[in-house]
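Labels below follow one simple rule: chain letters A, B, ... track the order of the sequence lines, proteins then strands, and each chain is numbered from 1.
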Amino acid sequence: MSLPAKVSPGNLSFLEAGSVRVAPMLIGWRMYRREGDRLIGGAIVETEAYNQSDAASHSYRGETPRTRVMFGPAGHLYVYFTYGMHYCMNIVTGREGEGDAVLLRAILPDEGLDIIRARRNHRPDHELTDGPAKLCQALGVTGDDSGKRLNEGEFLLLPPRGAQPRVRATQRIGITRDTHRLWRFVLDE
DNA sequence: TTAATGATGGGCT
DNA sequence: GCCCATCATTAAA
């Protein structure tokens, strides 16, 4: 992709809706990270919604130093460290103070594949970015990126290339509370 | 193909 | 001290 230095990112105000509404809308949008003159990333194919009413959410027990950016304005990255070795990235949604975010669980990479393959230790292509921590590893995202705002240069959230794809809702993965909610959204072939 | 398990450290009770 | 919004490896079938 030959992207101009100055992109026109479009209006991200739709992120101010609640995460349960935004998470399915994000399927098909494209997340890229700019490293020098390279772009790394691709289309989002799996998301999960989290909010403060939700016992599985980091924001459930209120704002803490860790979750501060999750309670900030929409359109920022919330990155957390988990299981002693992994990072996961979220897009903050909703209104400031709500503690609302969408976890990015998987993308279909289409830019920077050589870099992604190297970072992912040359695993099979279908295992490069098919989990939240794999995605962060592939894009080189760490806790240092938490709080960064989208579409200000380094992280780009771009609209789908074609029509909005079909989306399927399922139960979320890897949580132990509020598991009944159908707040995981995947691209429906 | 699926199932079980160890790695590893910050956050919070 | 317990709990993870996980992953890669190994084992079983």
Side-chain angles (χ1 to χ4, degrees), chain A residues 15 17-27 29 31 33 40-42 44-72 74-94 98-109 113 115-148 150 155 157 167-187 189:
Chain A
L15 295 176
S19 60
V20 178
R21 300 240 309 278
V22 174
M25 296 173 61
L26 282 174
I27 301 297
W29 282 68
M31 171 62 74
R33 175 178 206 172
I40 302 173
I44 298 168
V45 295
E46 181 181 349
T47 61
E48 283 180 359
Y50 289 86
N51 68 41
Q52 201 176 6
S53 74
D54 162 25
S57 173
H58 285 177
S59 58
Y60 182 62
R61 293 169 207 286
E63 184 175 339
T64 68
R66 178 178 58 150
T67 60
R68 185 172 39 85
V69 308
M70 196 171 168
F71 284 88
H76 292 245
L77 241 42
Y78 167 51
V79 182
Y80 64 86
F81 181 72
T82 190
Y83 289 102
M85 64 188 94
H86 298 304
Y87 292 98
C88 295
M89 67 189 299
N90 303 252
I91 294 175
V92 177
T93 55
E98 284 185 340
D100 214 66
V102 173
L103 172 68
L104 301 185
R105 290 193 58 89
I107 67 170
L108 212 53
L113 265 174
I115 297 174
I116 290 176
R117 289 193 182 105
R119 286 187 175 150
R120 294 283 300 128
N121 205 23
H122 300 283
R123 298 194 166 277
D125 278 1
H126 69 275
E127 294 180 9
L128 292 176
T129 53
D130 62 339
K134 300 178 191 179
L135 170 57
C136 283
Q137 191 182 341
L139 269 53
V141 170
T142 70
D144 290 343
D145 298 308
S146 197
K148 289 181 179 174
L150 296 175
F155 288 94
L157 182 63
V167 175
R168 188 160 37 94
T170 75
Q171 293 189 163
R172 291 175 292 178
I173 301 233
I175 58 172
T176 54
R177 293 182 293 256
D178 278 358
T179 55
H180 61 286
R181 304 179 193 270
L182 300 180
W183 284 0
R184 171 174 174 259
F185 303 94
V186 298
L187 182 66
E189 287 308 309

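Minimum interatomic distance between A:Gly140 and A:Arg33 (heavy atoms only, all atoms of both residues): O-NH1, 2.6 Å.
Side chains of A:Leu26 and A:Met31 form no contact here, defined as non-hydrogen atoms less than 4.5 Å apart.
Rounded to whole angstrom, the span from the CZ atom of A:Arg105 across to the C1' atom of C:dC7 amounts to 12 Å. Summarising the geometry, the separation between CZ on A:Arg120 and P on C:dT9 is reported as 10 Å, rounded to the nearest angstrom. Atom pair A:Arg177:CZ and C:dC4:C1' shows a separation of 9 Å (rounding to whole Å applied). For the pair A:Arg68 CZ and B:dC12 P, the interatomic distance rounds to 12 Å; values are reported in whole Å. For A:Tyr60 and B:dT13, the OH to C1' distance is 15 Å, given to the nearest whole Å. Computed from coordinates, the A:Arg172 CZ to C:dC4 C1' distance equals 14 Å when rounded to whole Å. When the P atom of B:dG10 is taken as reference, atom CZ of A:Phe81 falls 6 Å away, rounded to whole Å. The distance between atom CZ of A:Arg61 and atom P of C:dA5, rounded to the nearest whole Å, is 11 Å.
Using the Watson-Crick or G-U wobble rule with both distances under 3.5 Å, C:dA5 pairs with nothing in any strand shown. Remark: B:dT8 base-pairs with no nucleotide; criterion is Watson-Crick or G-U wobble with both hydrogen-bond distances under 3.5 Å.
With hydrogens and angles ignored, the 3.5 Å screen pairs no side-chain donor or acceptor of A:Arg120 with any backbone N or O of A:Thr129. Checking side-chain atoms of A:Arg172 against main-chain N and O of A:Glu48 turns up no donor-acceptor pair under 3.5 Å.
In this model, the phosphate group of C:dC4 is approached by a side-chain N or O of A:Thr176 to a distance below 4.0 Å at OP1 or OP2. A:His86 has no side-chain polar atom (N or O) that falls below the 4.0 Å cut-off from OP1 or OP2 of B:dT8.
The side-chain ring of A:Tyr83 is stacked on the base of C:dC4, judged by centre separation under 5.5 angstrom and plane angle under 30 degrees. Stacking of A:Tyr50 onto the six-membered ring of C:dA5 is present: less than 5.5 angstrom between centres, less than 30° between planes.
Among the atoms of the strands shown, base atoms are found under 4.0 Å from some heavy atom of A:Leu103. Among the protein residues, A:Ala133 comes within range of the sugar-phosphate backbone only, with heavy atoms under 4.0 Å from sugar or phosphate atoms but none that close to a base. Here A:Met89 lies out of heavy-atom contact (under 4.0 Å) with every strand.
Residues A:Leu135 and A:Gly84 each lie close to DNA chain C; by heavy-atom proximity, the contact nearer the 5' end of the strand is made by A:Gly84.
Of the listed nucleotides (C:dA8, B:dA7, B:dG11), B:dG11 has the atom at the smallest distance from the side chain of A:Arg66. Side-chain proximity of A:Met85 to B:dA7, C:dA5, B:dC12: nearest is B:dA7. Residue A:Ser57 places its side chain closer to C:dA5 than to any other of B:dC12, C:dC7, C:dA5.
A donor-acceptor contact closer than 3.5 angstrom links the side chains of A:Thr93 and A:Asp100.
Counted within 6.0 Å of CZ on A:Phe81, heavy atoms from surrounding residues, nucleotides or ligands total more than 12; the atom is thus considered enclosed.
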